[in-house]
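Inspection log for the structure reproduced underneath, given as structure tokens.
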4 protein chains.
Amino acid sequence: MSRDFNRVILMGRLARDPEVRFTPSKQKVARFTLCTGRQWKNKVTGELQSHTDFITVTAWSFTADLLERYVKKGSQILVEGRISTRDYDDVKTGQHKWVTEVVAENIVLLGSPRRDGDQSGSYQQQNYGGQQPYQHQAQQQSDAMPAPDMGSLRNEGGFDDGFPLDFSELGGGADQSGDVEIPF
Amino acid sequence: MSRDFNRVILMGRLARDPEVRFTPSKQKVARFTLCTGRQWKNKVTGELQSHTDFITVTAWSFTADLLERYVKKGSQILVEGRISTRDYDDVKTGQHKWVTEVVAENIVLLGSPRRDGDQSGSYQQQNYGGQQPYQHQAQQQSDAMPAPDMGSLRNEGGFDDGFPLDFSELGGGADQSGDVEIPF
Amino acid sequence: MSRDFNRVILMGRLARDPEVRFTPSKQKVARFTLCTGRQWKNKVTGELQSHTDFITVTAWSFTADLLERYVKKGSQILVEGRISTRDYDDVKTGQHKWVTEVVAENIVLLGSPRRDGDQSGSYQQQNYGGQQPYQHQAQQQSDAMPAPDMGSLRNEGGFDDGFPLDFSELGGGADQSGDVEIPF
Amino acid sequence: MSRDFNRVILMGRLARDPEVRFTPSKQKVARFTLCTGRQWKNKVTGELQSHTDFITVTAWSFTADLLERYVKKGSQILVEGRISTRDYDDVKTGQHKWVTEVVAENIVLLGSPRRDGDQSGSYQQQNYGGQQPYQHQAQQQSDAMPAPDMGSLRNEGGFDDGFPLDFSELGGGADQSGDVEIPF
DNA sequence: TTTT
DNA sequence: TTTT
């Protein structure tokens, strides 16, 4: 069964702020929907068409911490992970249901959400626990800085300018997503 | 919306024979479930655990033709594609439902199913329309040939020994998966 | 031979402006070096270390047009492609040499280079044939626009806000990278 | 620097047996050339053309152990990794040289080489240190087993039937490829 | 020959 | 220096 391979690479924007929960065994899980757009020309009529895929993504422990801290509705990120499926009995309807989602194993932060109207306001209010993320710096000098991209956050790697170099204060622990009840 | 990216690469085995249908506009679609296994050691107890993901895959036109001809329950394949989501109203239950599946854009055939018991029998019976696929040859000399792998079938590419080099007799037409009702 | 698979996905920044040339048969080729950074903590000393990979990327026809128009030194892009190797005899040294490079089959434009000093100046001078690219707009209103990302440019797809929706005026022609002498 | 991404997925066959060496700091490294074939139809003449890419792959510690034990000339494998570049001064010619290679982070074993003539013989002779690999079992019952594929060997995962479930006796240690002199 |  |  393990001569198999399962790899997903997605780049898009969050449909909403990530939702963070804990499993009974205290594992942190973040969950969000990633929007991925696609355009094509209709072969017959020639008109331009488009579709957005809304992909459910789940992240654990360290990666969940990072999402919770630095990512919100509208953030552009790259997700590397795998497709995961599971089934359960929906107690409300009595139906047996299947869920297909992406488990993020690695995330690269690419850009802040568009700031238009109050979206921007709610953003500034946010408290990042004493650490000024790169993104925040960028805003302060936004007239000079053209690319308010966020740095990259890899589990195994180091980190960019505006970001803390040491994430050891963040919840560690390995991805035990396979061993554990998913609280969504 | 199209500064986005959506790429999936899977390798596994078919849970069942592919199911082939046509859209109202006569587009051929193949659909199947790909089994992808995964193992890991429980970090606490140390015991080996495993899980299989059952991933729904859909393929169009040319790729659907190839699946229909050369792939069956148990076949090992590599799928390159994208994650696609769609929603619909389930007329039976009145519920609004979301579907997440993989659209195959490229397929590599890797191996035949295990032949044990009657599985093998049903295999031999199959008729490949006059062309002897590589896989079939391999069976005839299975005592001598250790690797009854199938060749690779790429939309843009050429093809391996046992396979026909010219697929022009196969149903052509481009992937119009975005323009079309999905008949599943 | 073709039960094989070869896929590369890179995200980084251009070390220099792309260089554009033509093959004897008038195929347009663009070539550039993509910088991809990586950090890790030394397992023994614990100190943070980093390395940059300088990856040669080559693009053909339509993709070469897009690179020539919209991408320059410092631009952040995602490249999807394949690894390609070739050998030749270096007439100067008489040595036989091997080249490993990435052939881009798909490109997503992510961000403009940092504008500091004259870099910005030379940027503004550039003429985009009457069409104002998204990136250019972003500069003009950079105090209001937080995310001067560029749209996505896929061969098969449509395109984003600031970008032209119809690239038919761009040099067409398919990628014939396999049939042709590489003029670098 | 680390808003970057670098991912490679290759499937092909080994051009030769892997070569294993040690760094001055006793890190084990395996190196081999992976052959990846590709076919296409010439757009003008319509004739089928083909090319093989010969890609240098490097693997460390645990993955190097697995390659050393279970993989040889002709073996079919899937490699997941990253592109790595480095430069050095060739003391013999006095030239400055650039090397582009793939660092394998994950490997899936897919198939044994074809056994024809003495190739088969040398294969049987091989000693796997007391452990019977899946592949070996497969040979013994090759008349009944149609798919003598090898199992999957992932750093983080568990393992398939014929393979040992516990690789703890293998040289552990993390990939320190970034910190270390490469002895090739 | 290297980007941020 | 190349595999099937």
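The sequence lines fix the lettering, A, B, ..., with proteins before strands; numbering per chain opens at 1.
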Separation of dT1(F) atom C1' from R13(D) atom CZ, nearest Å, is 20 Å
With sequence neighbours left out, the residues meeting side-chain contact (heavy atoms from CB on, under 4.5 Å) with E19(C) are R21(C), F184(C)
Residue set satisfying side-chain contact (heavy atoms from CB on, under 4.5 Å) with R86(C), at least two apart, ordered chain then number -> R31(C), V99(C), E101(C), I182(C)
Between CZ of R16(D) and C1' of dT2(F) the distance, given in whole Å, is 8 Å
When rounded to whole Å, the CG to C1' distance for the pair N6(C) and dT3(F) reads 14 Å
Discussion item. Assess the residue pair V108(B) and M11(D) against the criterion (side chain to side chain contact (heavy atoms under 4.5 Å, CB included)); give the C-alpha distance rounded to whole Å, side-chain angles, the decisive distance to 0.1 Å, and a yes or no.
Written reply: CA-CA 10 Å; V108(B) 181; M11(D) 192 164 62; 3.8 Å; yes
Is it the case that the side chain of R13(B) and the backbone of S112(B) share a donor-acceptor pair, with hydrogens and angles ignored and the cut-off at 3.5 Å? yes
Rounded to whole Å, CD of Q76(D) lies from P of dT4(F) at a distance of 11 Å
Here the distance between atom C1' of dT3(E) and atom CD of Q39(C), to the nearest Å, is 13 Å
When rounded to whole Å, the CG to P distance for the pair L109(D) and dT3(F) reads 20 Å
In whole angstroms, the gap separating C1' of dT3(F) from CE of M11(D) amounts to 14 Å
Rounded to whole Å, the CZ-C1' distance (R31(D) to dT1(F)) equals 11 Å
Side-chain donor/acceptor of N106(D) to backbone N/O of E80(D), under 3.5 Å: no
task = Please confirm whether the backbone N or O of K92(D) pairs with a side-chain atom of D90(D), one donor and one acceptor, at under 3.5 Å?
result = yes
The nucleotide from dT2(E), dT2(F), dT4(F) with an atom nearest the side chain of F54(C) is dT2(E)
Is a donor-acceptor contact shorter than 3.5 angstrom present between the side chain of T52(D) and the base of dT3(F)?
yes
So, with a heavy-atom separation below 4.0 Å from DNA chain E, the residues of residues 86-98 of chain D are H96(D), W98(D)
